[in-house]
Structures are given as C-alpha cells and as structure tokens.
Protein chains: 2
Amino acid sequence: MMPEKVTIADVARRANVSRQTVSNVLNSPDLVREETRERVRQAVEELGYRVNQAARRMRTGRSRLLAVRIEQTQDGMNVFDRFLHGLTESAAKAGYRVILYSADDDRSEIATFDDLLGAYEPDAFVLTGTHYGDVRTSWLAERGLAFVTFGRPWGMPEGGDHPWVDVDGAAGTAAATRHLLDAGHRRIGFIGWPEGSGVGDDRRSGWVRALGEDAEDSEAGVLERRTDGSAAEGEAAARELIAAGATALVCVSDSVALGAMQAGPVPVIGFDDTPVAAAIGLTSLSQPLSEAAVRCVRVLTRLLEDDSPDKPDHVLLRPSLVIRRTA
Amino acid sequence: MMPEKVTIADVARRANVSRQTVSNVLNSPDLVREETRERVRQAVEELGYRVNQAARRMRTGRSRLLAVRIEQTQDGMNVFDRFLHGLTESAAKAGYRVILYSADDDRSEIATFDDLLGAYEPDAFVLTGTHYGDVRTSWLAERGLAFVTFGRPWGMPEGGDHPWVDVDGAAGTAAATRHLLDAGHRRIGFIGWPEGSGVGDDRRSGWVRALGEDAEDSEAGVLERRTDGSAAEGEAAARELIAAGATALVCVSDSVALGAMQAGPVPVIGFDDTPVAAAIGLTSLSQPLSEAAVRCVRVLTRLLEDDSPDKPDHVLLRPSLVIRRTA
DNA sequence: TCTAAGGGTTTGAACGTTCAAATAGCGGTA
DNA sequence: TACCGCTATTTGAACGTTCAAACCCTTAGA
C-alpha cells in the first residue's frame, strides 16, 4: 500500500468545511465552534492527516526545525551525545525536530548558519561549547535569529546578552572538594586546563572557594597544575601534586582524572561522569544533561511562540557528585 | 543587517533570464547555453542565492533530509555517536542533512516514520541496530520507501532483501583469535551474548572459525560463556573460563571485556574500540565507522538519484584490531 | 519558398498551507 | 425596516520552486 497523501483539502471535504476552518482547528481552535471543531478533529483522525511542514513553512516562514552542531569527539570522553539525545526527545515533545550539521571552527560554523538558513530555515539554533570571543553568538544576535547556548557567554562585553542554559561547574568542584574535606583531607590538589578557558576557570574557582571555607589550609594556590586535558598530562600533574603533599585530587575532567588515577592510590574526583568514569569506578560530577536539554527547548519555545520576553532567559543547573571507588 | 531573502526570481532578474532558466542552471546545467549559464552562475554568486528547500520540496516531493534515530545509550559504550558524526558529514557533502528522531521500540519507531513522512518527508531513512524479526524494514519496504540499514538483515526470509552496510564481526573476532594464537595461546575462550542476537552470533562464529584453522585445539566449544553484556557478568564468565583453563579471552564487546579484565591478568580483546577501551588500554576491534557512514550515504544517493539499481547494494567492511596493553 | 527539426528560452500552473479580506447568519437596537 | 456588531465560516491570493507545454530562432531538407 503506497502512502497516500492526505491534504488539508481532503480533511475539509470530509468534514464539510473549508480549508481555512481546518487550518483554524489546528492552529487557533478557539476561533471555531465546538461542534465544527469536533467534526474536523474526527476527519483528521480518520484520514490520518498530518500537516505538511514544507507547505506551512512556505507560508509562515516557520520550519519547526532546531539546528544543532554535532561535536567532534576527540577522545570520546564527552558529554555531548547524551545532551543531544535529550534534546531530540524534548524537542519532539514540543513539536520540533533536530537537524544536524558539523563544522570545524567558528568561521565555518557561521558559513553553515547561512547555508542552513537559506535552505532549511531552522527556527532556532542550539550552540554548544561557548568560549571567550565567541563570534557565533554575535553573528546570530545581529541578525535577530533565535538561539540558545548550552554554556554561558564567557567574558561577553555589555550588550552581549543572550539566552543560555549551563551547568554550574564551580558548584560541582566545590561539592567535590567539600566531600574530600569531610573525609578528612586537608591538602587537596586541583588539576585543570590552561587559563582562559571559561569552563576550566569556572571549575577551578569552585575548588578555591571550598578550600577558602576551610581555615586550616590557605596555601591552596600551590597545589594546582594546569594541563592540556590529556590523560598523560593528568598523570604527570598528579605525580607532582602528590610529591608536593596533596592527599586527594579534584580534576577538571574525567580524562585528566583517568591519568591522575595512574599516579598512585590517592582519592581522585573527575568531572562529567562519562562512560569511562562509570566503567573504571571513578567518582565524578554528573551534569544533568536531560534537564539541560529540556530547559534549552523551553527557552526556545518561549522565544519562538510566546511574545518574546524582554530579558533573555538564563538557567544555571547544579551537577551532582556520583561517588564510586576513587573517593 | 537583516537576512534578505533572495529568491530565484531575483537571480533571474539580475541575469536577464527567466526563473526557469535559473532553475535549469541549478538542476540541469546541460540544457542551458554556456554563456547564459555563466551569467546566471555569477548572479547566484553575487546575490548569495540558496535554494529554498521547502519550496523545492513542495514541487518535487524531495526534502534532501535523511532521518536517523538517535540511539539510547545505556552504558555509553557504544559506537553510534561516531557513526552519526560520520553520517552528518558525508550526508552534507552529498547535499543532504540529517534529521533526528528517537523511539523506544520498533513499534514506536514505525509510528515515527509515519509522523516524519507526513510532516518532513525525509528522502530516506538510515536504520541501525537491525535484529531478527525486524519489522521496521518490512514496513518501509512495503511502502517503497528508500532506506539503508547499518547492520545486516539477520535471518530475513526470502524477499526481505534491502540495501545494507555492515561490519564483518566474524572477520574481526577471527583476527583477534589469530592474534592470540600467534602469541602462542592454545586455549582461547570466548565471552558472548545470548544466542539469537545476530551480531553476537556472528562475532562468535569468527572465533570458532579461527580456532578450527588450528588443528591442535578442537574442544573449543566448551571454552565459552554467554552473558547479558554487562561488565559484571563478563567478570564472572572470565573467572569460570580461566578456571577451565583458558589462557586468553576474546569478548563480544568492550563492556564485557572490561569486566573480564578484572578477573585476572590474562590477555583480553574487546570489540568496538570504545573510548573506554582507549582509556584503559584494552585491545579491541575497531569498526570503520566513518567509512560505513560514507557507504550508507553512497548507497542512498544511488537509490535516490541514479536510476535505482535492480539489485540492492550490500557493503561489508572489515574491522581492524587495535593492539594495546591487554593483548 | 515552405516545412520540419531541434536547441534554447519563456510562460502558466501547481505543490499545500495560511494570511487577509470578504461573506453569511443572527440577535439587538434605533 | 434598516442598520450595527459580533461570531463563524469561506474565498482568493501568495509563499518559491519546478513541471509541462509553448514559443522563438536558426538551420536543414524537400
């Protein structure tokens, strides 16, 4: 049986009304008399009618598509695919679909924005991996396009204010550090990323803050190493810190933490709760990714469907500590 | 600066030709005289024209979208996200975009097919995770819809023949087994999945085959355990096999292999080369996922653009052994 | 000279939807 | 009776593209 195309005209004929009335039942039900509405609904049901998004888009300029960049996985220890899964699901619930694109850097991503807008007119973009001097957000904002970032706008000047959803990295590392303090540790090291990474600096700040709470140890600054994020550098950094007297380590990522674990039997806490952490029993901070995805969609629907708010939405979620073997 | 909409009519005006000629330059360049073609191309360039896919789709019924289901990640030790990344890239090269959906089981996936076809009319579907009695493929085939599966049609009856791309699991485990034989092992165990999983049985068969090549050991069948795929059962199975005299283990997945590693210091080889394997130094079989993605797209473009072949394409790729610490 | 053929280009219509404006029906008021 | 105002519904047009058919021009053959 070939898939028969059911159009709004077919439904109209069946329900003995005009095309427009059917359209109204679907889009502005309150314009239609109760009885008619029911009749139309039944016809829709019986014929299995589904709105043709291409035709709708032609008329309204709305595609019901959200464009998302699929991230390059280097070591696979990232968090993006779980976020994407959540996004697909919550978008679907709100009547949107996710369309993917890939790009190597900001510039080529912007070129892709242009491409996509010409060809598919996504209603909004979801950006991940925000960073200092992010030109993507300004490009979109200048053109008045709808978007939300999963990640704060790090170091944005005045006016660079846009909707975002993020996870409070500092709260996470602070919780991790307190967990170690509670276990009696007093010399807790931190292995981070190079300065200038918004996410990395944020995570570091939680460790600093938590140590500050504890009066006994204020020489914190020295028990710290920066790495490129690889397990190899993580291990080297961990050895140095242990030699310097650290009895426990908080790490900026699971990848680094994995390296640190090789340095010796000190408690280690990672960040992101990747599958690797689960597999090797690494205590880690878990980002509420489904929740983040839900919030991203909510921010966007508010932007697209309700009258746009005068202040952009900002959502900051807290990660949770998943305690395993290593701490 | 607001994004100006450039239509085919704008280009036509600029190049002093009709709409249709512009359309021909884009779609059937050989119909247009060299000189005119060049003039049109320049106008396209200058105005930054991009075809409006919604309008095109209205007329032709072609959306240039490929629909893919985003897989539920249980333990995150899967292979799908890398495949998806490759698919997004090679689809883009061929002028297609990937649209995502999610579904909990075959039935709800079929309902989603219907939904998507009504609303977005994807030109084709890419299915993953084929299995015995897969009703999705027959649903699509009955309706004459274009699709390719990443995974063979396990145990399909006559007529159930469709295009597919897959990785030769048996060749992989055979290579792994030979690698262990070459290292001098004679009692090589296999930890698998329950019987009836197409993929699992295939991977097992490679181990059987490779052992058969070696005349010395034909009591192979006993050095074998089936598990639910968890690391916990993997560890238990490994202990039993080691107790039974196995000196090396081939595993159906990295997850199981991870468990097996905990059972003792015998060589272990996993399957899929997940980030976890890389992180813990597990020797594993790597699927050529980008290549698989490229081939999926190629199969589909042939199906959609060239006159459809009378025989469906079948592509079987070989995994490669990534040797690390554990074997 | 007339007709045929064919390459290159243009014209009108159509895809399925929704916007904007028009129309019908009906009760109430002047 | 005539008119107004309101609600419920219908009609025509338009979104941007491509298909199908028509048209124009040149060249070739009868």
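Letters A, B, ... mirror the listed sequences (proteins, then strands); counts begin at 1.
Within 4.0 Å (heavy atoms only), Arg57(A) reaches no atom of the nucleic acid at all. As judged by a 4.0 angstrom heavy-atom cut-off over every strand, Thr21(B) is placed among the base-contacting residues.
Electrostatic pairing of Arg82(A) and Glu71(A) does not count as a salt bridge here, judged by no charged N lying under 4.0 Å from a carboxylate O. Ion pair Asp105(A)/Arg107(A) not flagged as a salt bridge, since none of the NZ, NE, NH1 or NH2 atoms sits closer than 4.0 Å to an Asp/Glu carboxylate oxygen. With respect to Arg56(A) and Glu121(A), no salt bridge is recorded, no charged nitrogen being found less than 4.0 Å from a carboxylate O.
For the pair Arg37(A) CZ and dT9(D) C1', the computed distance is 14 Å after rounding to whole Å. Rounded to an integer number of Å, the gap from Gln20(B) CD to dC23(D) P is 16 Å.
Place Arg19(A) and Thr36(B) on DNA chain C by their nearest nucleotides, and Thr36(B) ends up nearer the 5' end. Across the interface with DNA chain C, nearest-nucleotide mapping of Asn24(B) and Arg59(B) shows Asn24(B) to be the residue nearer the 5′ end.
A distance-only check finds no donor-acceptor pair linking the side chain of Arg136(B) to the backbone of Asp106(B) [under 3.5 Å].
Running 5' to 3' along DNA chain C, contacts with non-hydrogen atoms of chain B at under 4.0 Å begin and end at dG8(C) to dG16(C).
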Checklist entry - Does the salt bridge (charged side-chain N to carboxylate O under 4.0 Å, His left out) test come out yes or no for Glu291(B) and Arg295(B), once each step is laid out? => result CA-CA 6 Å; Glu291(B) 175 67 9; Arg295(B) 303 301 284 272; 3.2 Å; yes

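Phe125(A) and Tyr101(A) have perpendicular rings, their planes meeting at more than 60° on a 0 to 90° scale where under 30° would count as parallel.
Across all their heavy atoms, Pro122(B) and Leu116(B) have their closest contact at CD-O, 3.5 Å.
Scored by the ring pair (Phe, Tyr, Trp, His ring centres under 6.0 Å) test, Trp154(B) finds no partners at all (sequence neighbours excluded).
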With 3.5 Å as the limit, what N/O pairs link the protein to nucleotides 4-6 of chain D?
none

